[in-house]
Amino acid sequence: MHQQEQQSGSTSASNPPLDDDNMSFSSLVQDLSLRDPNAPRRRGDASVSTIDDRASRTSHISRAMSYASTAATSVSISGDISSQLHGGYAHPLARSWQAERQLTKSMLIYPLFVSDNDDEEVLIPSLPNQYRRGINKLVPFLEPLVHKGLRSVILFGVPLKPGTKDALGTAADDPEGPVIRSIRLLRQRFPQLYITVDVCLCEYTSHGHCGILRDDGSLNNQLSVDRISDVALAYAKAGAHCVAPSDMNDGRIRAIKLKLIEEGIVHRVTLMSYAAKFSGCLYGPFRDAAGSCPSFGDRKCYQLPPGGRGLARRAIVRDINEGADIIMVKPASQYLDIISDAKELGKDLPIAAYQVSGEFAMIHAAAKAGVFDLKAMAFEATEGILRAGATIIISYFVPEFLDWLST
């Protein structure tokens, strides 16, 4: 058998086979040039070529070139023609067409920390380039961003005056507090700006937890929901376009929706649920900014455990059934599977993702250390969130994105 294979594969050295898999493309080209009828002839060669002879050789070369092209293609690829993908993203515009979702300015929501010190503008050390501002500093800061295309903000109140915090968080819906005053101001000065407001008690309670506590220190869910829904209603009546409860108490979406219905304003207020908000170590800079660190214990009994994918899915389904208009996942980059789940479970709803303070700070720290370029990583992380299924991004990178997306 071996001899037969050798015999069947043997050819004259002067006439190598064109179908030899080992033949290089350069060998094919060289072979064609040797057959070229226009190549100079040596003395001793036939001095005259007949028309038929030239035509025959031209035809032979045409066939050989066609075969060489086929052979070269077979050398360059292995498999079906569909394996050739590079042409589909060789150009920058063509690369952008490969994305199912393009990052746009209208997708972005920018978090703002508003204190009850009207003239404050203080840098938050653990949150690069981010400030806590009083109401008198909001308009000068936001004006250029709005001109660049800022479409939405989310407000977090930060009460700093002594004696403001108590066990019930009564300052949360104070008409003279920073949030309600900011809603009214922004509605007046920036009529096209979409105002979302975080709804929680942790910034306003003396204990720093996201609701009202029992005597033993555990969360009283019923009283907390009643209080949270009152605060959400106050923000909506003040002019907020969207209320977003982040407290994670059971049943608060239904309670807020019912109060909006009773007040007759449900038709003009969006209800965004922090449906899948996970406990963890990525909130540190935010707590520095908002002054919302618990005075004892932690929030693991009401925020989701990092491994609780099933719990997250149940919470998403629950909040959809209770009337949520938007589902949020928080944090974002570490929970891309949950974003994907949210899109699957709420396929007819917008899905928001909050790239939280710890995610933002880590990207800045690594960029500062030279690990990668800040802009490139900001886009890469955000596009990963979009790819997972989000259509709304809450991010501290919004001011930079407004510039980057303009160029």
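For this chain, numbers begin at 1 and follow the sequence in order.
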Got more than 12 heavy atoms from elsewhere within 6.0 Å of [atom1], [X]?
X    : atom1 : result
R313 : CZ    : yes
Q98  : CD    : yes
K237 : NZ    : no
Q102 : CD    : yes
R101 : CZ    : yes
R95  : CZ    : yes
R318 : CZ    : yes
E380 : CD    : no

Between [X] and [Y], what is the shortest heavy-atom contact and its length?
X    : Y    : answer
I183 : A238 : CG2-O, 3.5 Å
A390 : I339 : N-CG2, 3.5 Å
I109 : V398 : O-CG2, 3.6 Å
L155 : S182 : CD1-CB, 4.0 Å
T391 : P350 : OG1-CA, 3.8 Å
P125 : L123 : CD-O, 3.3 Å

Gap between atom [atom2] of [Y] and atom [atom1] of [X] - 0.5 Å precision:
X    : Y    : atom1 : atom2 : result
L201 : T170 : CG    : OG1   : 10.0 Å
L112 : T196 : CG    : OG1   : 10.5 Å
L142 : L193 : CG    : CG    : 6.5 Å
I180 : I135 : CD1   : CD1   : 11.0 Å
E263 : L260 : CD    : CG    : 8.5 Å
I385 : I351 : CD1   : CD1   : 13.5 Å

Which class fits the ring pair [X] and [Y]: parallel under 30°, tilted 30 to 60°, perpendicular over 60°?
X    : Y    : value
H241 : Y194 : parallel
H209 : H207 : tilted
F113 : Y396 : parallel

Using a 3.5 Å distance criterion without hydrogens, assess whether the side chain of [X] forms a donor-acceptor pair with backbone atoms of [Y].
X    : Y    : result
N220 : G211 : no
R227 : L168 : yes
N221 : D250 : yes
R252 : P245 : yes
D116 : K161 : yes
E359 : P331 : no
S218 : R214 : no
K259 : D226 : yes
T205 : G169 : no
K105 : G149 : no

Worksheet item: Looking at F379, F360, Y110, which hits ring pair (Phe, Tyr, Trp, His ring centres under 6.0 Å) with F397?
Response: F360
Practice prompt. Could you tell me whether E120 and R132 have a side-chain N and a carboxylate O separated by less than 4.0 Å?
Written response: yes
Fill in: Lys/Arg N to Asp/Glu carboxylate O, R181 vs D174, below 4.0 Å
no
Item to complete: Quick one: do D319 and K257 satisfy salt bridge (charged side-chain N to carboxylate O under 4.0 Å, His left out)? Show the steps, please.
Response: CA-CA 11 Å; D319 288 2; K257 199 78 167 186; over 6 Å; no
Worksheet item: With a 3.5 Å cut-off and no angle check, do the side chains of N136 and D119 form a donor-acceptor pair?
Response: yes
Worksheet item: Taking atom types as modelled and ignoring hydrogens, do the side chains of Q303 and S279 form a donor-acceptor contact shorter than 3.5 angstrom?
Response: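 Per modelled atom types, Q303 and S279 side chains form no pair under 3.5 Å.
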Fill in: side chain to side chain donor-acceptor pair (under 3.5 Å) partner of D198, chosen from Y354, Y235, Y274
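Considering Y354, Y235, Y274, a side chain to side chain donor-acceptor pair (under 3.5 Å) with D198 is found only for Y274.
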